[in-house]
A.B. asks: 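The following block contains the structure, expressed as structure tokens.
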Amino acid sequence: MAERLLIVDDEETLCESLGRVLSREGYEVRTAESVESAIQALDEGYYDLILTDIILPGVTGIEFLKRIKERSPEQSVVVMTAFASLETAIDALRNGAYDYIVKPLMHEEIKLVVKNALKQNALQEENLRLRSQLEKEYAPARIVAQSAAMKKIMNQVREIANADKNVLLLGERGTGKELIARAIHFYSGRADKPFIPVALHLISEEVRESRLFGTIKGFVKNGTVSKKGILGEVGRGTLFLREVGGLDSALQARLLKAIEDRETIPPGGTRGLKVDCAFIYASHTEADILTRESQFLAALSGKINAATIMLPPLRERHEDIPPLVNHFLQKYSADLCKTVKGIDPEGMDLLAGYHWPGNVRELKNIIERAVLMLDGHVIRAEHLPGLKTEVDRVKAEG
């Protein structure tokens, strides 16, 4: 389907010529010679991009731009002006224009600006789609908190989020530390900013420094552009760090200094970059062992550990197993296009009697596998063969 453009200019000949140029590029174009007719066009349908003159009968293009943004803040607008002044350009950009073009219009320039504006629209839509998916996947409402322990943790999450504190999350692997980190971000005043999870041990040693702190153009071999690094990309969002102890001592010291000073300098740079994010650190190690691991982790525990949440293992929150099972059944029934009505009592007893060394992550994987292999509508004990063997073994030993 062709992208739709609206051209607003009181010069009829300009509207016609620009309309022809852009129509030949494959766009669906409508023109308007006044604000009133432009508003009518907007009332009758959506436009991917609006190109408007800066001087219109009875109103300036800037005022019209403000009206457009009041109606639809996400609407992409390019301003056309015969007055090549920096002040005009800044005023247009400040009020939400994507770009401005100086008259007389050059056809190649206008085609390029339109192409880039529409490309930016597509990127924004993709980002919104991905964010929506993440919010559905990680929204606090999806955290099962039937047990008293998890209800207490969710209360902590809200309190910490409101206080905008840095956090240390402790718990065994698979207990849901990233889910809790995302919930803290979701409830905080930073919810509309980026949430960036970083598994530092998965970043190769050669690029860890530049990936974290950024770099200046020409400072590293083949470095053709300057890069912000993770601390720059996150802005006022939330940075979720895992396995910080795996960094070498020099990078540990730099990261700790960035946390303390709220500022960092990219390798090769001379000017500091403000660090204004919230830090959430996760470890599967107990706090007393954390402080013995290294000097960095001991210092980190004091600096970032303004609040601590200890996530209990699944074996200590049995009340959460049935609702978790139902949650994962619904999820994977939908994902795998299956009609699963539930799990029989014997199967549920197996799940409730298992010791869950892999915690919630292991439960999720087992339910996904069972739904995938199911050829009926009810999961039974025979659909959980490995689990049955393990539970029988533990019973025999006990």
Side-chain angles (χ1 to χ4, degrees), residues 134 137-157 160 167-186 195 197-202 240-246 280-290 293 307-332 335 343 347-372 379 381 383-395 397-398:
L134 285 172
E137 183 68 21
Y138 292 103
R142 298 179 70 87
I143 298 177
V144 173
Q146 187 93 354
S147 64
M150 286 305 297
K151 287 179 180 178
K152 181 179 178 180
I153 283 171
M154 291 309 297
N155 287 334
Q156 283 182 278
V157 163
I160 290 168
V167 190
L168 177 63
L169 299 178
L170 298 171
E172 296 177 7
R173 287 188 175 91
T175 48
K177 291 185 285 294
E178 182 170 342
L179 198 63
I180 294 298
R182 287 185 181 273
I184 293 170
H185 176 74
F186 189 96
F195 175 93
V198 182
L200 292 168
H201 63 298
L202 298 180
F240 177 52
L241 296 169
R242 292 183 289 170
E243 308 296 340
V244 179
I280 301 179
Y281 174 68
S283 175
H284 59 272
T285 315
E286 295 291 346
D288 60 338
I289 301 175
L290 250 180
E293 269 187 345
T308 302
I309 295 179
M310 175 69 75
L311 294 176
L314 187 55
R315 60 184 174 275
E316 294 179 6
R317 38 181 289 218
H318 281 278
E319 305 98 308
D320 291 328
I321 292 176
L324 279 168
V325 170
N326 290 330
H327 169 72
F328 292 133
L329 279 178
Q330 291 176 15
K331 170 179 170 53
Y332 292 115
D335 290 353
I343 183 167
M348 185 61 81
D349 286 345
L350 275 178
L351 295 169
Y354 185 51
H355 58 289
W356 298 110
N359 292 293
V360 179
R361 185 184 299 147
E362 184 181 10
L363 174 60
K364 181 182 75 169
N365 293 339
I366 283 175
I367 297 300
E368 181 182 16
R369 189 163 55 249
V371 173
L372 179 64
I379 293 177
H383 299 127
L384 310 165
L387 199 64
K388 188 175 189 308
T389 301
E390 182 62 16
V391 171
D392 289 344
R393 183 188 67 77
V394 172
K395 286 181 178 179
E397 290 177 354

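These numbers were taken from a predicted model, which means no experiment stands behind them.
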A.B. asks: Side chains of D320 and S147: donor-acceptor distance under 3.5 Å anywhere?
C.D. replies: yes
A.B. asks: Please name the pair of heavy atoms, one in M310 and one in G171, separated by the smallest distance, quoted to 0.1 Å.
C.D. replies: SD-N, 4.3 Å
A.B. asks: What is the minimum heavy-atom distance between A181 and I280, and which atoms define it?
C.D. replies: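 Where A181 meets I280 most closely, the heavy atoms are O-CD1, 3.7 Å.
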A.B. asks: Does the side chain of V157 reach to within under 4.5 Å of the side chain of I143, using non-hydrogen atoms?
C.D. replies: no
A.B. asks: Using every non-hydrogen atom in the two residues, find where I379 and A370 come nearest and quote the distance to one decimal.
C.D. replies: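 Closest approach of I379 to A370, heavy atoms only: CD1-CB, 3.9 Å.
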A.B. asks: For the CZ atom of F328 and the CG atom of N365, what is their distance to the nearest 0.5 Å?
C.D. replies: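 That separation rounds to 9.0 Å.
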A.B. asks: Donor-acceptor pairs under 3.5 Å, side chain of residues 148-155 to any protein atom, not counting sequence neighbours: which ones?
C.D. replies:
| residue | atom | partner | partner atom | Å |
| --- | --- | --- | --- | --- |
| N155 | ND2 | K151 | O | 3.4 |

A.B. asks: Provide the closest heavy-atom pair for P197 versus R182 in the form atom of the first, atom of the second, distance.
C.D. replies: CG-NH2, 3.8 Å
A.B. asks: Between L324 and L314, is the side chain to side chain contact (heavy atoms under 4.5 Å, CB included) condition met? List the steps.
C.D. replies: CA-CA 10 Å; L324 279 168; L314 187 55; 3.8 Å; yes
A.B. asks: How long is the gap from CG on L179 to CZ on F186, to the nearest 0.5 Å?
C.D. replies: 11.5 Å
A.B. asks: Look at the side chain of K364 and the backbone N and O of N359, then say whether any donor-acceptor pair between them is shorter than 3.5 Å.
C.D. replies: no
A.B. asks: Quick one: pull up NE2 in H383 and CG in L372 and give me the separation to the nearest 0.5 Å.
C.D. replies: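 Separation between the atoms: 12.0 Å.
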A.B. asks: Shortest non-hydrogen contact from P312 to T175?
C.D. replies: O-CG2, 3.8 Å
A.B. asks: Decide yes or no for R369 and I366: does some side-chain heavy atom of the first lie under 4.5 Å from some side-chain heavy atom of the second?
C.D. replies: yes
A.B. asks: To the closest 0.5 Å, what do you measure between CG (L241) and CG (L169)?
C.D. replies: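 The CG atom of L169 is 11.0 Å from CG of L241, to the nearest 0.5 Å.
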A.B. asks: How would you list, by chain and number, every residue that makes a ring-ring contact (aromatic ring centres under 6.0 Å, His included) with Y354, sequence neighbours excluded?
C.D. replies: W356
A.B. asks: Between R317 and V360, does a side chain to side chain contact (heavy atoms under 4.5 Å, CB included) hold up when you go through it step by step?
C.D. replies: CA-CA 11 Å; R317 38 181 289 218; V360 179; 3.9 Å; yes
A.B. asks: Hey, could you give me the CD/CG distance between Q330 and D335, rounded to the nearest 0.5 Å?
C.D. replies: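 Rounded to the nearest 0.5 Å, the CD-CG separation comes out at 11.5 Å.
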A.B. asks: Hey, could you give me the NE2/CD distance between H318 and Q146, rounded to the nearest 0.5 Å?
C.D. replies: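 Those atoms lie 14.5 Å apart.
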A.B. asks: Is V167 close to I180 at the side-chain level, that is, under 4.5 Å between some pair of heavy atoms?
C.D. replies: no
A.B. asks: Any donor-acceptor pair under 3.5 Å linking the side chain of H355 with the backbone of R315?
C.D. replies: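 Judged by distance alone, no pair lies under 3.5 Å.
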A.B. asks: Grab the two heavy atoms, one from Q156 and one from T308, that are nearest each other, plus how far apart they are.
C.D. replies: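 The answer is NE2-O, 3.6 Å.
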